[in-house]
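All values reported here derive from a predicted model rather than from experimental measurement.
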Amino acid sequence: MSRPAVHPVEPPPLIDGRNDVAPPRRVRMKDVEGMPGTSTGLALRLCQFVFTVISLTVMATTSDFPSVTAFRYLVAAVGLQSLWSLSLAMIDIYALCVKRSLRDPAVITVYTIGDGITSTLTFAAACACAGITVLISNDLNRCNINHCKRFMSATALAFLSWFAVSPSFFLNFWSLASQ
């Protein structure tokens, strides 16, 4: 049998009111690693958090990032992603500590929608910053007066964060579709 759900459920009613025949027990699918409440899911959340915090720190420590809208968008997107990842990592830690499964459809729906929104925002911001960084470095040849290396590293870390959020989004989406 799988682990119990987050909220205990009542036993199923007896068939036809007879006590001698119990309904067959339903066996749930095992928790797939990477799903909410698993150690791999926690590792993905922590990777997302670390990548976004480093990207946010690198971008925010440059003096001229507010001059470009794409860089401000990246700061906002990875800031939101870091808060989302940290809050879900805390929920995963709690679920692992009390040995509970987070297989509730409502919980997985919230995870899936939140991951979809934050991953889309992070990917769009990273793509916009990559375009601006290529423009500054290759087309304008102004890397000597700008912080190109910092911009490139913050953009690369935002892409890594997106790569870390994608497996959890797809696993949650798959879990919703299979229910």
Side-chain angles (χ1 to χ4, degrees), residues 31-93 95 102 105-179:
D31 284 338
V32 178
E33 287 300 320
M35 296 286 294
T38 62
S39 57
T40 309
L42 176 62
L44 284 171
R45 295 291 170 196
L46 292 176
C47 285
Q48 293 166 21
F49 178 70
V50 168
F51 290 144
T52 56
V53 165
I54 294 172
S55 176
L56 179 67
T57 305
V58 167
M59 189 61 81
T61 56
T62 61
S63 60
D64 55 348
F65 91 88
S67 63
V68 179
T69 306
F71 296 154
R72 287 186 289 183
Y73 178 46
L74 180 72
V75 168
V78 296
L80 177 67
Q81 178 72 45
S82 64
L83 292 175
W84 176 254
S85 299
L86 180 63
S87 62
L88 294 186
M90 286 192 259
I91 293 171
D92 284 346
I93 290 170
L102 295 176
V107 173
I108 293 177
T109 301
V110 170
Y111 269 58
T112 304
I113 292 171
D115 282 344
I117 291 170
T118 56
S119 68
T120 302
L121 290 174
T122 303
F123 183 70
C127 288
C129 286
I132 296 296
T133 305
V134 167
L135 174 74
I136 292 171
S137 65
N138 293 348
D139 298 338
L140 300 178
N141 292 326
R142 297 206 172 200
C143 267
N144 53 356
I145 59 173
N146 288 313
H147 298 98
C148 282
K149 294 202 185 298
R150 286 185 178 210
F151 294 151
M152 288 179 189
S153 62
T155 303
L157 287 166
F159 275 116
L160 287 175
S161 170
W162 178 73
F163 284 129
V165 82
S166 294
S168 59
F169 170 72
F170 287 119
L171 284 171
N172 290 332
F173 189 73
W174 170 71
S175 174
L176 278 177
S178 65
Q179 288 183 355

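Taking CD1 from Ile93 and CG from Leu42, the interatomic distance works out to 5.0 Å, rounded to the nearest 0.5 Å. Residue Leu160 holds its CG atom at 9.5 Å from CD1 of Ile54, rounded to the nearest 0.5 Å. To the nearest 0.5 Å, atom CG of residue Leu56 and atom CG of residue Leu157 are 11.0 Å apart. Here the CZ atom belonging to Phe163 is positioned 7.5 Å from the CZ atom belonging to Phe123, to the nearest 0.5 angstrom. If you take CE on Met35 and OH on Tyr111, they are separated by 10.0 Å, rounding to the nearest 0.5 Å. If you take OG on Ser166 and CG on Leu171, they are separated by 10.5 Å, rounding to the nearest 0.5 Å.
Using modelled atom types, one finds no donor on one side chain facing an acceptor on the other under 3.5 Å when comparing Thr52 with Gln48.
Of all heavy-atom pairs spanning Ile136 and Cys148, the tightest one is CG2-SG, 3.5 Å. In plain terms, the two heavy atoms of Phe49 and Ser85 that are nearest each other are N-CB, 3.9 Å. What you find for Ser55 and Leu74 is that their closest heavy atoms are OG-CD2, 4.2 Å. Between Leu44 and Pro167 the shortest heavy-atom distance is CD1-CB, 4.2 Å. Heavy-atom minimum distance, Val58 versus Ala154: CG1-CB, 4.0 Å. When every heavy atom of Val165 is checked against every heavy atom of Ser168, the shortest pair comes out as O-OG, 2.9 Å.
By the 4.5 Å heavy-atom criterion applied to side chains, Asp115 and Phe170 are not counted as neighbours. A heavy-atom distance below 4.5 Å is found between the side chains of Arg150 and Thr61. Two residues are said to be in side-chain contact when any heavy atoms from C-beta on lie closer than 4.5 Å; Val78 and Phe51 fail this criterion. You'll find the side chain of Cys129 reaches within 4.5 Å of the side chain of Phe71, heavy atoms only.
Other residues, nucleotides and ligands place more than 12 heavy atoms under 6.0 Å from the CZ atom of Arg72. The neighbour count for Phe173 CZ, taken as heavy atoms of other residues, nucleotides or ligands under 6.0 Å away, does not exceed 12.
Checked against Leu102 for a side-chain contact (heavy atoms from CB on, under 4.5 Å), the options Ile108, Leu88, Asn172, Asp92 give a single hit: Asp92.
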>> Could you go through Ser137 and Met152, starting from their C-alpha distance and side-chain angles, then the distance that decides it, and tell me whether this counts as side-chain contact (heavy atoms from CB on, under 4.5 Å)?
In response: CA-CA 10 Å; Ser137 65; Met152 288 179 189; 3.7 Å; yes
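Ring orientation note: the planes of His147 and Phe151 are nearly perpendicular, at an angle over 60° on the 30°/60° scale.
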